[in-house]
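Working notes, structure below.
Numbered from 1 within each chain, the chains take letters A, B, ... in sequence-line order. These numbers were taken from a predicted model, which means no experiment stands behind them.
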Amino acid sequence: MLESVAVYTTSNTRRYSLKQLNQELEKAISAALLSAQADGRLPTFDVPAIPVSPPKRADQGDLSYPAMGLARLARKNPLDIARLIVDSMNSLDFIDHIDIAPPGFINFTIAADYLKRQVDTIIAEGDNFFRLSIGAGKTAQVEFVSANPSGPITIGHTRGAVVGDAMARLLEAAGYQVQREYYYNNAGNQMVILGKSLMLRYLQQIGDDVDYPADYYQGEYLVDVAAQLADENGDSLRARDWAYFKDAAESQMFQWINRSLASIDIKHDEFFNETSLFECGRIWRTLELMRENGHVYEATHWEGADAVEVADVAAKGYEPATWFHSSAFGDEKDRVMVKSDGAPTYTLPDIAYHCDKLERGFDIAVNVLGTDHFSQAQVVKYGLQALGMDPAPIHVIFVQMVRAVRWNQARGEYEAVKQSKRAGDFDTLDDLVEMTSADAVRYHMLARSPNSQLDFDVDQVVKQSNENPVYYIQNAYVRCAGIFREADERGFSDKDADLSLLGADELCFIRKALELGNVIEQAVLNYEPHKIAFYAHELASVFHPIYDRVRVLHSEAPPDVAKARLRFLQLMGMSAPERM
RNA sequence: GCUCCAGUAGCUCAGGGGAUAGAGCACCGGUUUCCUAAACCGGGUGUCGCAGGUUCGAAUCCUGCCUGGAGCGCCA
């Protein structure tokens, strides 16, 4: 992989993607403006950013620049400015012709020969063609899922899992060396309750008559684990305390979580246990450093507390706690880091953890979190600043809630499928995969902006699985595979193919395929992994009509283009089946 | 009450200063001597939540409001 990056960045013969053509044109237009200013055809002004982008419609060329933005600066009619630019531009080998359209667009059409030549280039470079150089020699970490081992992966976790893994794959495609990390805590109250819950379930299994509290874990899965324990150990565990059962439960839950994630092709490289931060003393060192920097104080209530809060605290009779003066960094209030009973809140280990993360030296550390962690993420950032660290490498993708919904025919509306772990009434990732497919789950979870709430219609995805965009996309690959298989059987080869024979339909596909690099780059730079899902569908929707219209046996090149280009399936982490 | 996200076609959602606002699903009609028809071709009258504002130009930016969700614990 690194080798191919080197090839890509050192070669100077085939710098091609639509993005780079954008940049070429942007440079050329800027130069044209300066030239026109130099000989007085345009008044002098600072040349602004020149945005060149694909137009909406095919008959408007391949790339377009709206010159209207210059009208005020140049005090000229936009159409006149456009003409001036075009007249002043040096000729570019990849441009066939330039049109000017009202009210001031400059539309560039890429030369067909230039596009056709890219087919050979794409095939020669294979998977590496869109291996970007922006991450070459850099490291990135993506922390995602990070669910505590108290139960199975739910639909809600799944969204973060898919988004995080897609982000990791995109970073890899951009040249980064990526580590996938899972941060978890097995020391909190919830885990205590989990251990006690399993203990009671076990006692029930071996015939004891015990009360099972309503605020303990209600899920059937604990009963299963308990049954297994009873099978293997009889009643010999009767005297064990909750801690034993906590460990047993945790071990089982982690196995389950990893198995579920593996079923949608997600695997973490590193599991980081919060407890290790206590064991090595990092927690307290972090606190002391913040104290030395003057951002920590002891008090019964925070400095800016109003009368109501003060009275409330007094009523509860709290002893002094240790506060982080986060409001000094812009927080709306200060946060407790160590409770009056001496135990830290989550804030302190979270800060210590991210401090550790930064010290590991990643160029980028992406953090996929639910929006319920928004405030906490802010506080962590303030904490890092209080430690004198620069939190800039950390970027958080906030994932909005997923509601698993079902259509209620009687009421004529959607209703939520409950997902509370403790209530034991939830749909798991396993359920979803069983009802649909790993690819369907990944696609539907990814094909939305993370900061939109998502209604995942369980029945819809199941019922329409044959009319699903997922299969539409995969079928494009299957059809390609079919072509290759058939060609092989006929002993037909693309050797010495004459690319000039390619027609307009094929060019259309080549244009779309060449956008991949641009899509990856935008997805990486803006932390928007969902873009790749839309692109995959667009590419497939350009391919399918051509498949029908252009028969391979009349034209050798398309399968090669297709072969090289359909790598998008791998990028999304979806499987690319040879047959369906 | 304060902060953040969302409101776009019947439904689920893209787009987020530029040309005639898109896709999937659903619905209707057509297409198969030949690489898989899970496909293709045709069929869209949308107050882009509402009202102002900025601009040559606003679904997009600003302000206010309405609706839904999330956060604002010495919870984890």
Taken to the nearest whole Å, OH/A:Tyr471 to C1'/B:U36 is 16 Å
Would you give a per-nucleotide map of nucleotides 71-76 of chain B, 5' to 3', where B means the base has a protein non-hydrogen atom under 4.0 Å away, S means only the sugar-phosphate does, and - means neither?
SSSBSB
Check the side chains of A:Gln190 and A:Ser150 for a donor-acceptor pair under 3.5 angstrom, ignoring hydrogens and angles.
no
Is the closest side-chain donor-acceptor distance between A:Thr109 and A:Asp62 under 3.5 Å?
no
Rounded distance in Å between the P positions of B:C28 and B:U36:
30 Å
Using atom CD of A:Glu538 as one end and atom P of B:A14 as the other, report the distance to the nearest whole Å.
14 Å
Do you see a donor-acceptor pair shorter than 3.5 Å between the side chains of A:Gln378 and A:Asp331?
no
Give a yes or no on whether the ring-centroid distance for A:Phe105 and A:Tyr65 is below 6.0 angstrom.
no
A:Glu303 atom CD: more than 12 heavy-atom contacts under 6.0 Å
yes
Produce a footprint string for nucleotides 18-24 of chain B: one letter per nucleotide, 5' end first; B if the base is under 4.0 Å from any protein heavy atom, S if only the sugar-phosphate is, - if neither.
BBB--SS
What is the distance from CD of A:Gln474 to P of B:A39, rounded to the nearest Å?
12 Å
Between B:G71 and B:A59, how far is it from one C1' atom to the other, in whole Å?
28 Å
When the C1' atoms of B:G42 and B:G17 are considered, how many whole Å apart are they?
34 Å
State which of B:G16, B:U12, B:A39 makes the closest approach to the side chain of A:Asp455.
B:U12
Distance-only side-chain donor-acceptor flag, A:Gln60 / A:Asn107, under 3.5 Å
no
Flag for A:Asn186-A:Thr275: side-chain donor and acceptor within less than 3.5 Å:
yes
Distance, rounded to the nearest Å, where A:Phe398 contributes CZ and B:C4 contributes P:
13 Å
Measuring only the C1' atom in each nucleotide, how far is B:A58 from B:C75? A whole number of Å is fine.
44 Å
Can a side-chain donor-acceptor contact be found between A:Tyr443 and A:Asn468 if the only test is distance below 3.5 angstrom?
no
Could you tell me if the ring centre of A:His373 sits under 6.0 Å from that of A:Phe398?
no
Protein-nucleotide distance (A:Asp306, atom CG; B:G1, atom P), rounded to Å
17 Å
Ring centres under 6.0 angstrom apart (A:Phe254, A:Tyr182):
yes
Would you sort out whether A:Arg83 and A:Leu79 count as a side-chain contact (heavy atoms from CB on, under 4.5 Å), showing the intermediate values?
CA-CA 6 Å; A:Arg83 284 190 201 97; A:Leu79 280 173; 4.1 Å; yes
Roughly how many Å apart are B:C34 and B:G44, using the P atom of each and rounding to a whole number?
32 Å
Using a 3.5 Å limit on both distances, find every run of at least three consecutive Watson-Crick or G-U pairs that involves RNA chain B.
B:1-7 with B:66-72, B:10-13 with B:22-25, B:27-31 with B:39-43, B:49-53 with B:61-65
Calculate the interatomic distance between A:Gln522 atom CD and B:G15 atom P; express it in whole Å.
12 Å
Say we look at B:U45 and B:C5: how far apart would their C1' atoms be, to the nearest angstrom?
32 Å
Start with the C-alpha distance between A:Leu454 and A:Met401, add both sets of side-chain angles, then the distance that settles side-chain contact (heavy atoms from CB on, under 4.5 Å), and finish with yes or no.
CA-CA 6 Å; A:Leu454 164 57; A:Met401 288 198 96; over 6 Å; no
Assess whether ring-ring contact (aromatic ring centres under 6.0 Å, His included) is satisfied between A:His295 and A:Tyr382, documenting all intermediate values.
CA-CA 10 Å; A:His295 302 299; A:Tyr382 300 138; over 10 Å; no
Whole Å only: how far is the CG atom of A:Asn526 from the P atom of B:G15?
11 Å
Looking only at atom C1', what distance separates B:C48 and B:U60, rounded to whole Å?
10 Å
Take the protein atom CD of A:Gln453 and the nucleotide atom P of B:G68, then report the distance between them rounded to whole Å.
12 Å
When rounded to the nearest Å, what value does the distance between P atoms of B:C61 and B:G16 take?
10 Å
On the nucleotide B:A37, are OP1 or OP2 found under 4.0 Å from the side-chain N or O atoms that A:Arg479 carries?
yes
